[in-house]
2 protein chains.
Amino acid sequence: MGHHHRRASLERARVSQAERAGAMRARLIDATIECVAELGYGRMSTNDIVRSARVSRGALAHHFPTKADLVSAAAQRLLERRVEDFRDRFTAMAPDRRTPAEALSVLWSFYDDTGGLVLLELMVAARHNRELAEVMAPVPERIAEVSADVFAEFFPELAGRPFLGEALRAVHALFSGLALNALPDGDRSGRGAEVRAFLKIIVSAMPQIVAFDPA
Amino acid sequence: MGHHHRRASLERARVSQAERAGAMRARLIDATIECVAELGYGRMSTNDIVRSARVSRGALAHHFPTKADLVSAAAQRLLERRVEDFRDRFTAMAPDRRTPAEALSVLWSFYDDTGGLVLLELMVAARHNRELAEVMAPVPERIAEVSADVFAEFFPELAGRPFLGEALRAVHALFSGLALNALPDGDRSGRGAEVRAFLKIIVSAMPQIVAFDPA
DNA sequence: AATCAAACCGGCAGGCTTGCCTGTTTGTGT
DNA sequence: ACACAAACAGGCAAGCCTGCCGGTTTGATT
């Protein structure tokens with residue numbers, strides 16, 4: 001046989017420590033997000049996470065000494081991923097469908113999906129988790145910011161308007177609330193149609209809003 | 001001494017069973033709401049509740065066999081109380097301050113306070129608690145309904161408008177979302193002022209909204 | 001007065017959770 | 001080749017939570 005510290009006949013690729021650690025952290029973080037989505041923050045245990053990630057308990061402890069560390073990291077990661085997807089899905093829109101109404105519709109799809117759900121749970125959970133709170137506190141601001149950027153880029157006629165940012169902060173709040181309202185009944189009562197109706201109204205009132213003069 | 005089954009010299013008033021049971025249930029429910037507010041739904045245990053209510057564990061088990069029963073009852077009670085307070089605080093407004101803007105401001109105060117917080121937690125918790133979900137599902141509808149009634153009563157010029165209900169459903173969602181956003185940082189960043197700014201915008205856009213024509 | 005049922009008490013058992021701890025493998029520097 | 005540190009495995013202990021149970025008090029019934 002070859003020398004012991006190097007390849008045997010059927011060896012697995014030699015992986016650097018940084019890679020191993022990174023992959024492990026990623027698996028744990030992804031599993032955490034998945035567990036929050038499926039079980040909810042409150043019912044999710046570290047056992048559920050290691051089971052879902054198919055990882056040992058020790059690995060978890062090694063990379064994330066405490067549960068709060070893990071959840072905070074997961075929240076951070078989710079937010080980043082979300083911001084990326086955000087821009088991607090906007091820029092992926094067919095040019096001829098790039099109306100404000102369509103843009104808002106795309107924006108809404110981010111509140112309707114699993115990630116939005118997880119974000120909701122984490123916002124509430126943050127109230128009793130200082131570490132998590134520090135991650136979640138800037139979220140509304142950040143999202144409004146990013147969407148305002150994208151809107152300004154796609155609809156130059158809105159670019160300069162001072163109240164665009166405020167309007168999109170309001171839209172974020174509105175969508176969060178709508179998602180929240182849909183939680184108990186899992187959107188059985190055709191909330192989608194209602195939201196689309198709201199979108200029309202918002203769009204129709206948008207000129208009024210971005211032109212708003214506080215004086 | 002008098003007969004054993006009736007008054008001694010320093011007796012406590014004889015209380016009917018229905019009264020006792022009712023009082024006990026009320027204490028437990030109130031303690032539950034308080035605990036959700038202080039500890040959050042996830043961290044609240046039945047032990048916390050009986051401690052807060054200064055009641056024995058057995059009493060809890062007797063009146064609410066399972067934790068879900070108790071929480072559902074608490075949610076129900078909170079909603080009822082909230083609807084009452086709602087109408088009260090509206091009708092208590094000085095007649096000369098009865099503007100839509102002020103009305104919305106009063107409405108907002110219900111999302112800003114402890115009860116609103118608890119409702120938020122329960123909405124999220126309802127996702128994994130069928131019993132609670134059945135209580136929480138109608139909440140948004142109910143609140144929008146009540147506020148629409150009050151608005152129609154106070155501002156007759158809005159009464160007939162078909163989109164008043166929709167608008168107030170949207171307002172409910174918006175306020176819920178704003179309250180949610182304030183959770184992580186406990187409203188350190190002067191969210192109150194922001195909300196007041198939003199209110200002005202909403203009011204200015206309101207005519208546009210209630211007059212909205214989907215055609 | 002005697003009987004019954006509801007209200008209430010306090011503790012126990014089983015299960016689960018988290019953080020830690022010891023041991024083993026794998027990569028890295030010399 | 002060797003020594004060292006990081007990565008990983010799996011189990012253990014202390015603590016808590018929930019639901020239940022037998023026993024006691026108190027109101028209702030006849």
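So that the names make sense, note that chain A is the first sequence line, chain B the second, and so on, each numbered from 1. None of these values were measured; they are calculated from a predicted model.
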Taking only the side-chain heavy atoms of [X] (C-beta and beyond), determine which of [options] contains the nearest atom.
| X | options | result |
| --- | --- | --- |
| B/Lys67 | C/dC9, C/dA7, D/dG19 | D/dG19 |
| A/Met24 | C/dA7, C/dT26, D/dA9 | D/dA9 |
| B/Gln17 | D/dC8, C/dA6, C/dT17 | C/dA6 |
| A/Asn47 | C/dT17, D/dA28, D/dG11 | C/dT17 |
| A/Ser56 | D/dG11, D/dA9, C/dC9 | D/dA9 |

Taking only the side-chain nitrogens and oxygens of [X], find out if one of them lies under 4.0 Å from OP1 or OP2 of [N].
| X | N | value |
| --- | --- | --- |
| B/His62 | C/dC9 | no |
| B/Thr66 | D/dG19 | yes |
| A/Ser45 | C/dC16 | no |

Looking at B/Asp185 and A/Arg127, does any basic side-chain N land under 4.0 Å from a carboxylate oxygen? no
Assess whether a salt bridge exists between A/Arg81 and A/Asp30, defined as any Lys/Arg side-chain N lying under 4.0 Å from an Asp/Glu carboxylate O. yes
Please state how far atom [atom1] in [X] lies from atom [atom2] in [N], giving the value in whole angstrom units.
| X | N | atom1 | atom2 | value |
| --- | --- | --- | --- | --- |
| B/Arg20 | C/dA7 | CZ | C1' | 5 Å |
| B/Asp69 | D/dC20 | CG | P | 11 Å |
| A/Arg54 | D/dA9 | CZ | P | 13 Å |
| A/Arg57 | C/dT18 | CZ | P | 7 Å |
| B/Leu60 | D/dG19 | CG | P | 9 Å |
| B/Ile49 | D/dT18 | CD1 | C1' | 11 Å |
| A/Asp48 | C/dT18 | CG | P | 8 Å |
| A/Arg25 | D/dA6 | CZ | C1' | 14 Å |

Nearest-nucleotide 5' precedence on DNA chain D, B/Ala18 against A/Ala59: A/Ala59
Can you tell me which residue among A/Val171, A/Leu174, A/Leu104, A/Leu107 is in a side chain to side chain contact (heavy atoms under 4.5 Å, CB included) with A/Leu199? A/Leu104
Check whether A/Phe110 forms a cation-pi arrangement with A/Arg89 (NZ or CZ under 6.0 Å from the six-membered ring centre, at most 45° off the ring normal). yes
When A/Gly58 and A/Arg51 are each assigned the nearest nucleotide of DNA chain C, the 5'-most assignment goes to A/Arg51
Regarding A/Asp48 and A/Ser45, do their side chains bring together a donor and an acceptor under 3.5 Å, going by distance alone? yes
